[in-house]
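Order of the sequence lines fixes the chain letters, A, B, ..., with proteins taken first and strands second; residue numbering starts at 1 for each chain.
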2 protein chains.
Amino acid sequence: MVTTNALAEIASLIGEPARAAMLQALMDGRALTAGELSRVAAITPQTASGHLAQLAASGLIAVTAQGRHRYHRLAGPQVARLLESMMLVAVGRQIKPPRTGPRDEAMRRARTCYDHFAGRLGVGLAEAMMTQGWIEIGEEAAMLTSAGSDRLKQAGIPLPDIIRTPRRATPLCSLCLDWSERRPHIAGVLGAALCAHALAENWVRRQPGSRALEITPKGTRSFRDIFCIEA
Amino acid sequence: MVTTNALAEIASLIGEPARAAMLQALMDGRALTAGELSRVAAITPQTASGHLAQLAASGLIAVTAQGRHRYHRLAGPQVARLLESMMLVAVGRQIKPPRTGPRDEAMRRARTCYDHFAGRLGVGLAEAMMTQGWIEIGEEAAMLTSAGSDRLKQAGIPLPDIIRTPRRATPLCSLCLDWSERRPHIAGVLGAALCAHALAENWVRRQPGSRALEITPKGTRSFRDIFCIEA
DNA sequence: CAGATGTTACGGTCGGCACCGAACGATCAT
DNA sequence: ATGATCGTTCGGTGCCGACCGTAACATCTG
């Protein structure tokens, strides 16, 4: 076996509370500096730097130097997937849902999950697209129908070539079980395209220092007009 | 946030080499006794018992007592997914593939991945079914076509009702990136159905003390006749 | 150049936890 | 009952690693 030790190594890297907090902060897909991450984890910059060096050496995060800053981001979608499935297990484990503070409420309403939407917004979008026949949802995957492809194109939402070319149907959007809603939302290429477009068009705004999203009035209109949901 | 500490807790549980080895041994979906698991991890039964108690308390494994034995198994598919995605990250991390022993070779040839096939057999099946138009494979999901559904039914492979009813097409088989082959294989409901049928019909046999599978002569014939692959 | 900010390197302290030996329950066989 | 196997509990030892000083180095700004 190749992976008996490697598995434990990866897991123990994530298993340290400070490192876990930093990784979680990177779950929105953006790149943060070591200083920001040290504040997130509530440790001194030196300690954070050491942790980040370990994470980078193990390939969990990638680092790009820019001037006197060093930007850290998750190494790729697979790492985000790993963390997300971990949260799912962690949530399924607990008996009673603890207090839901206001900050928590914002997260449950709408947030990013690496490169796509999650929370009630993400789940609502998936459900709306399904009831209107734009996608078909199976147990573990979803598929964009040609009707859905047409409608999105018509709404001005750019889709990558792989999706756009309608060779029959395109099973390109994987599902991601939402840890707060316990229902699937749209991930994969389609999810990333939707999220990118919504951010570019200012339908949603990132909250500073959080993965939570604020839905703008323009976004509320767009989501209602295009997807027929009340966000 | 609900999960900052819970995340680290889960990860640190998996991060201990002995526990990781035991979890990995459970990846074939079967239930093992504490004694077997202690031998797998190369530790004394007492130590293993402590580890297993922790894993059970955290909901990563489930325990059923039977006589003087206590059988331990993974708590569910989500835990298996978590471990699988961890292996994927762990493999992608290493530069050069280390020595591949004979035991490793058997694993790469054919093995179970919780409830479906992996290794060259799993990847080959997925590819064969795609080239013959039974499934359509996207980037992160696959879809069973009506032709594929018919052909499998005709071959006597029982499919669950959800798949069998052909409401247009059924995007039910998720893809699972194979950590040894680095190419997708079929997971999900379809993958589980295939694997279960192959085990029941004695196409493959479990190797004792390993996730590796031995392909029987009958299996070789069946895989060639039905799927047109040389396993 | 000097100051500010951000990052890395080193040495020492301390807490947590994995491990084993030994002993105790539980269950099955004779 | 008695021995045998399987599993868990308890106490004690020892190691690994996270943490923070202090200090040096790199980069941008005034």
Side-chain angles (χ1 to χ4, degrees), chain A residues 4-26 30-75 208-209, chain B residues 4-26 30-73 208-209:
Chain A
T4 305
N5 282 330
L7 185 75
E9 195 177 329
I10 297 288
S12 77
L13 279 172
I14 309 176
E16 212 285 323
R19 284 193 293 256
M22 294 192 284
L23 286 171
Q24 205 174 18
L26 293 172
R30 283 183 298 183
L32 301 178
T33 67
E36 291 170 314
L37 288 169
S38 76
R39 281 187 291 275
V40 168
I43 51 179
T44 61
Q46 313 92 290
T47 307
S49 179
H51 285 312
L52 291 170
Q54 290 181 66
L55 292 172
S58 301
L60 285 177
I61 64 175
V63 190
T64 57
Q66 203 170 103
R68 61 177 161 182
H69 296 283
R70 301 192 61 182
Y71 288 97
H72 302 262
R73 62 178 193 281
L74 293 188
Chain B
T4 306
N5 282 329
L7 186 76
E9 195 177 328
I10 297 288
S12 78
L13 279 172
I14 309 177
E16 212 284 323
R19 284 193 292 257
M22 293 193 283
L23 287 172
Q24 205 175 19
L26 293 172
R30 284 183 298 181
L32 301 178
T33 66
E36 290 171 317
L37 288 169
S38 75
R39 282 188 291 275
V40 168
I43 52 179
T44 61
Q46 314 91 286
T47 308
S49 178
H51 286 312
L52 291 170
Q54 290 181 66
L55 291 173
S58 301
L60 285 177
I61 64 175
V63 191
T64 56
Q66 204 172 100
R68 60 179 161 180
H69 295 282
R70 300 192 61 183
Y71 287 96
H72 303 261
R73 61 179 193 282

Selected nucleotide, minimal atom distance to [X] side chain, candidates [options]:
| X | options | result |
| --- | --- | --- |
| B:A34 | D:dG7, C:dT7, C:dC20 | D:dG7 |
| A:R19 | C:dT7, D:dG7, D:dA18 | D:dA18 |
| A:A18 | C:dT7, D:dC19, C:dG21 | D:dC19 |

- Task: Could you encode protein contacts along nucleotides 22-30 of chain D as a string, one character per nucleotide from 5' to 3', using B for base contact, S for sugar-phosphate-only contact and - for no contact, with a heavy-atom cut-off of under 4.0 Å?
- Result: B----BB--
With respect to the phosphate group of [N], does any side-chain polar atom (N or O) of [X] fall under 4.0 Å of OP1 or OP2?
| X | N | value |
| --- | --- | --- |
| B:S49 | D:dT8 | yes |
| B:T44 | C:dC19 | no |
| A:T47 | D:dC19 | no |

Length of the line joining [X]:[atom1] and [N]:[atom2], which is rounded to integer Å:
| X | N | atom1 | atom2 | result |
| --- | --- | --- | --- | --- |
| A:L55 | C:dT8 | CG | C1' | 16 Å |
| A:R70 | C:dT7 | CZ | P | 8 Å |
| B:L52 | C:dC19 | CG | P | 12 Å |
| A:E16 | D:dC16 | CD | P | 17 Å |
| B:H51 | D:dT9 | NE2 | P | 14 Å |
| A:I43 | D:dC20 | CD1 | C1' | 11 Å |
| A:L37 | C:dT8 | CG | P | 12 Å |
| A:E9 | D:dG17 | CD | C1' | 14 Å |

Nearest heavy-atom neighbours spanning [X] and [Y]:
| X | Y | value |
| --- | --- | --- |
| B:A48 | B:S38 | CB-CB, 3.5 Å |
| B:A20 | A:A8 | CB-CB, 3.8 Å |
| B:A21 | B:V40 | O-CG1, 3.9 Å |
| A:H72 | A:R70 | CD2-O, 3.1 Å |
| B:A25 | B:L37 | CB-CD2, 4.2 Å |

Beyond-backbone contact of [X] with [Y], side-chain heavy atoms, under 4.5 angstrom:
| X | Y | value |
| --- | --- | --- |
| B:I14 | B:L60 | yes |
| A:V63 | A:L52 | no |
| B:I61 | B:M22 | no |

- Short question: side chain of A:R19, backbone of A:S12 - any donor-acceptor pair under 3.5 Å? yes
- Query: Base, sugar-phosphate alone, or nothing: which one does B:Q54 contact when heavy atoms must sit under 4.0 Å apart?
  - Reply: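 The answer is sugar-phosphate, as B:Q54 gets under 4.0 Å only of primed atoms, P, OP1 or OP2.
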- CD1 on B:I10 to CG on B:N5, rounded to 0.5 Å: 12.0 Å
- Give the angle between the helix axes at the two ends of the helix from C:dC1-D:dG30 to C:dT30-D:dA1, taking five base pairs at each end and rounding to 10°. 30°
